[in-house]
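The model shown is predicted, which means the values in this text are computed figures rather than measured ones.
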Amino acid sequence: MNAAEARDAETAIAAANAPSAEALAAPPRRQRSSIPSFLFISFVLYMLANNRGDEIDLRNQYEEALQSLNWSLGNYSAWLNGTSPSYSNTTVYALNDTTTLPLVESLMPFGTQLDPYRESYYSNLTGFWKGDLEFYNLTALSNETTSTSLTPWRTLADQFMASANMTNATEVAERIGSWNWTASHKFTMSIRDKEILPTKGQFMNVSKDIAIIHGKIDLSDSSTEEELRLEFDGVHFLSNGSIYTLAEPTGRFADLREASVLVPEQRVNETGHVIEAELSQRLIRLREKYLLGTLDSEIPDEGPKTTCSFKFFGQIDVSNIPGYVMQEIEDEIEKPTGVTTARIPPLSMQGVLVSRNCGILYELKETTGVKSQTLYRRITTYAGAATIVNLILLLLLSRQITRSRSAAGLGRVSRYPFFLQSLVDAVAFVGHITMAIIADGRPSISVVAPAGISCILFVYEVQFAVLIGQIQAPEDNIPPPPPPPPVVNPTPPPLPETDTTDENGLSPQDTLPTIAVTPPAQPPPPAAIPPEPPRSFFRFLVHHIRTDPGARLWTIMSFCLIVVFRIVVMLSLPLLFVGGLYAFLWTPQLYRSARRGRSSGLHAEYTIGVTLCRLFFVLYFLTCPKNILDVEPRSWVWIVALVMAIQVGLLGMQEHLGPTFFLPQRMTQTQTYDYHPSIPLPDPEAPEQSLGDCSICMDAIFVDPSFRQKGDDEKDQLLGLGRWGQAASMRKSYSLAPCHHLFVRPSLLSLPWLKLSAHLCGAHNVKHTTCLERWLAIKNICPQCRRPLPPL
């Protein structure tokens, strides 16, 4: 390219990039402020990193826990090896405590080593336990002067409390806290029993007779439904079934190292090495979680209700089976293979829970347990049965919805049985989900199935109840009265007698014919314009709930669900709540059928099937002593079952004996809208003797001329009707809706006496016989003005 071409190209580019005249004339565009952009970017960065501070704090806590546990393990190892006098900076524990074990043995003798060919103990106590508690106040016991029932161990209790610091009443009250110790008569306990396996190196010679045991004890207050949780940690001797642990309230952690001073003196060294191996394994697991970043933040819901420190001692009861048979049973429970074993012996123990610094002692009585694997298999079996029952309920519901899908069918069904069932299914959904969260492994997955079907049932039942409410909403509206008959003006009065004759001798009255003037029909008053909804959101919401039946039903259901979810954590209230719902499940349907004078729209298959399926759950949880929730049997559940059976029987008898067969005669009057009021006949001089056109098929509704014949009773005497029969027949030939639209009576030709007199209803009316009936089977609104219609 030469110089001239280069200059031409630059000129063309400059001309192309030069601004136009419009651009030069337009005002300059203001640049967007950078402050909103900066604030938006800052907000996004903050939302992305707002949990960074919590994670840093949690990692700092883990670092402190690692340092503390590492120091504790080193100090404890030095104490075991004899290079340090104690393993605590604040307390030196003496090994010659001769007061605790004697007091415990006076209430619960520890076991001895058995002959393995005759008797044995359970070696793995992992599972769930329950039992009764008996409370003793050791402080008040030491102040008593005489005692007869506590004489055998009263002296031991005094010696046990002699070294306790109980002089300062204020400190004692603070330690005891707000918990009502005398009201605790029941307890539940979960145990995890783990055997320490020897490892290479330092812990090769760890005793196989000692296992680490830890768990939780929940004391319950029957009056307030509150619970106090104690977490314990200690050791379990497999050869004699003895348990030695330390227990602390939630929020205070028991120091496993201190459990070594609870055991008999001859087993302190052996126990100490097992505890050292357990602390080492815990340190390794904690370090792995810290390095992998899987950090858990366990924050208690509330502070501890007490600061009393407890010691928990237990003794497993002896089983009269050889040791090798017991080992086979436990292996089969842990990992089922289908092999036949001996009958599983009961799992039970005795126990003592004692606190020196609060002067409290509990004796654990009738303590029974179920192993975790056994309980999980029960949960799986229950989940399968519950899934089948819920599927049956879903099938019955779908079949009933299909039968009642027409407007006529929905008009016969009460919405409240489905509303009550939806509340029950909501409770079932929450309960199964909670169980799935608490359970571990396969049981949690199996319980999700009945929970999901309960949720589906809840949705379908609510939708069906809302649909029924929308269809039945016009029933409570008061229909306006029928229009009055047209008024015929009388003959005008004669004029005054004056001489107004014409030349022919005729007066004006003689020249003008007398005409009855009928005023034009007044149009129906316009419908009232609904008031404008309020503008504020709260008032608009209240207005919408008051005017919309669907919104009102959803609001009531939401309120009930909130109440259910709030009380579901308290076991007794949900049981009474569900029992009350079951007891009155079919009462709304009985009331509706009797009030409306119409039979129930519920099929016998649905009522009987739902009753049996619903009773499966309440009878399982309230009559079976080994249910998965460990609910104690209630005798009142049989009354609920009897009431439900009586209601189902009444529903069946209403279908055959009448809706009000069980009511007195004075209470059987039902108030329904009269579709056959008396209306005036058409003008006799009109060319067509019709009442109007049918609002569905638009054909004229004719009136038989015989209704206008005076004194002609031959046909009526033949039919046995009389003049009342003529009027009744005429009224039966039409139906007047509340909106003043006429229809032909659907059941006109169904009367047998009308078949004898075809002239009372000509063949022209045959086409109208199914108009209104078929229309109401589809919709319950007027086909012309779309206003709601009451049942026919």
Side-chain angles (χ1 to χ4, degrees), residues 376 378-402 404-405 413-470 550-571 573-582 585 602 606-607 609-622 627-629 631:
Y376 291 159
R378 290 182 185 175
I379 294 176
T380 304
T381 304
Y382 162 78
T387 302
I388 295 174
V389 173
N390 282 339
L391 286 175
I392 295 175
L393 286 173
L394 187 60
L395 176 63
L396 293 173
L397 178 62
S398 63
R399 291 170 64 89
Q400 181 60 42
I401 292 176
T402 303
S404 304
R405 61 185 174 183
V413 180
S414 175
R415 80 192 81 169
Y416 294 104
F418 301 95
F419 176 72
L420 298 179
Q421 291 185 72
S422 66
L423 292 180
V424 173
D425 289 325
V427 176
F429 171 73
V430 175
H432 286 100
I433 288 296
T434 305
M435 190 187 308
I437 295 174
I438 295 176
D440 188 14
R442 291 178 300 173
S444 62
I445 300 176
S446 61
V447 176
V448 171
I453 302 177
S454 298
C455 183
I456 297 174
L457 281 170
F458 166 75
V459 173
Y460 283 173
E461 287 160 352
V462 171
Q463 290 180 347
F464 194 51
V466 171
L467 178 61
I468 295 173
Q470 294 174 351
R552 186 164 55 250
L553 182 61
W554 277 106
T555 303
I556 296 174
M557 176 162 293
S558 301
F559 175 77
C560 294
L561 289 178
I562 291 173
V563 174
V564 169
F565 294 157
R566 293 295 297 175
I567 67 175
V568 78
V569 295
M570 303 175 66
L571 187 58
L573 288 181
L575 293 179
L576 295 175
F577 179 77
V578 174
L581 293 181
Y582 275 50
L585 182 60
L602 299 178
Y606 179 77
T607 56
V610 167
T611 301
L612 295 178
C613 292
R614 297 293 180 185
L615 285 177
F616 164 79
F617 293 100
V618 294
L619 292 179
Y620 171 75
F621 286 108
L622 298 180
N627 59 82
I628 58 175
L629 295 182
V631 180

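Listed by chain and number, the residues in a side-chain hydrogen bond (donor to acceptor under 3.5 Å, both in side chains) with Arg378 amount to none (sequence neighbours excluded). By the side-chain hydrogen bond (donor to acceptor under 3.5 Å, both in side chains) test, Glu461 is found to be paired with Arg614, residues two or more places apart in sequence or in another chain being considered. Tyr460 pairs by the side-chain hydrogen bond (donor to acceptor under 3.5 Å, both in side chains) definition with nothing, not counting sequence neighbours. For Ile433, the side chain to side chain contact (heavy atoms under 4.5 Å, CB included) partners are Phe429, Ile437, Ala451, not counting sequence neighbours.
In this structure, the separation between CD1 on Ile468 and CD on Gln463 is 12.0 Å, given to the nearest 0.5 Å. We find the CG-CG distance between Asn627 and Leu622 to be 8.0 Å, quoted to the nearest 0.5 Å. Atom CG in Leu420 sits 7.5 Å away from atom OG in Ser422 (nearest 0.5 Å). Atom-to-atom distance recorded for Ser404:OG and Arg399:CZ is 12.5 Å, nearest 0.5 angstrom. Atom CG of Leu396 and atom CG of Leu602 lie 11.5 Å apart (nearest 0.5 Å). To the nearest 0.5 Å, the span separating CZ on Phe617 from OH on Tyr582 amounts to 7.0 Å.
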Q.
For Leu397 and Phe418: C-alpha separation, side-chain torsions, deciding distance, then whether side chain to side chain contact (heavy atoms under 4.5 Å, CB included) applies.
A. CA-CA 9 Å; Leu397 178 62; Phe418 301 95; 3.9 Å; yes
Q.
Evaluate Val618 against Leu615 for side chain to side chain contact (heavy atoms under 4.5 Å, CB included), listing each step before the verdict.
A. CA-CA 5 Å; Val618 294; Leu615 285 177; 3.8 Å; yes
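Taking all atoms of both residues into account, the shortest heavy-atom contact from Ser446 to Ala383 is O-CB, 3.4 Å. Nearest heavy atom pair, residue Thr611 against residue Thr607, reads OG1-O, 2.7 Å.
Within the structure, salt bridge (charged side-chain N to carboxylate O under 4.0 Å, His left out) pairs that include any residue of residues 384-396 do not occur (at least two apart or interchain). Residue pairs meeting the side-chain hydrogen bond (donor to acceptor under 3.5 Å, both in side chains) criterion with at least one member in residues 383-392, sequence neighbours excluded, are Asn390-Ser454.
The main-chain N or O of Leu395 is found under 3.5 Å from a side-chain atom of Ser398 such that the two form a donor-acceptor pair.
Taking the six-membered ring where the residue is Trp, the centroids of Tyr382 and Phe621 are separated by under 6.0 Å.
Residues Gln421 and Leu457 fail the side-chain proximity criterion, which asks for heavy atoms closer than 4.5 Å. Leu391 has its side chain out of reach of Ile388: every pair of non-hydrogen atoms, C-beta onward, lies at least 4.5 Å apart. Put simply, the side chain of Leu629 reaches to within 4.5 Å of the side chain of Met435, judged on heavy atoms. In this structure the side chain of Leu467 never reaches within 4.5 angstrom of the side chain of Arg415, judged on heavy atoms.
The aromatic rings of Phe616 and Tyr620 lie parallel to each other, their planes meeting at an angle below 30°, with 60° marking the opposite boundary.
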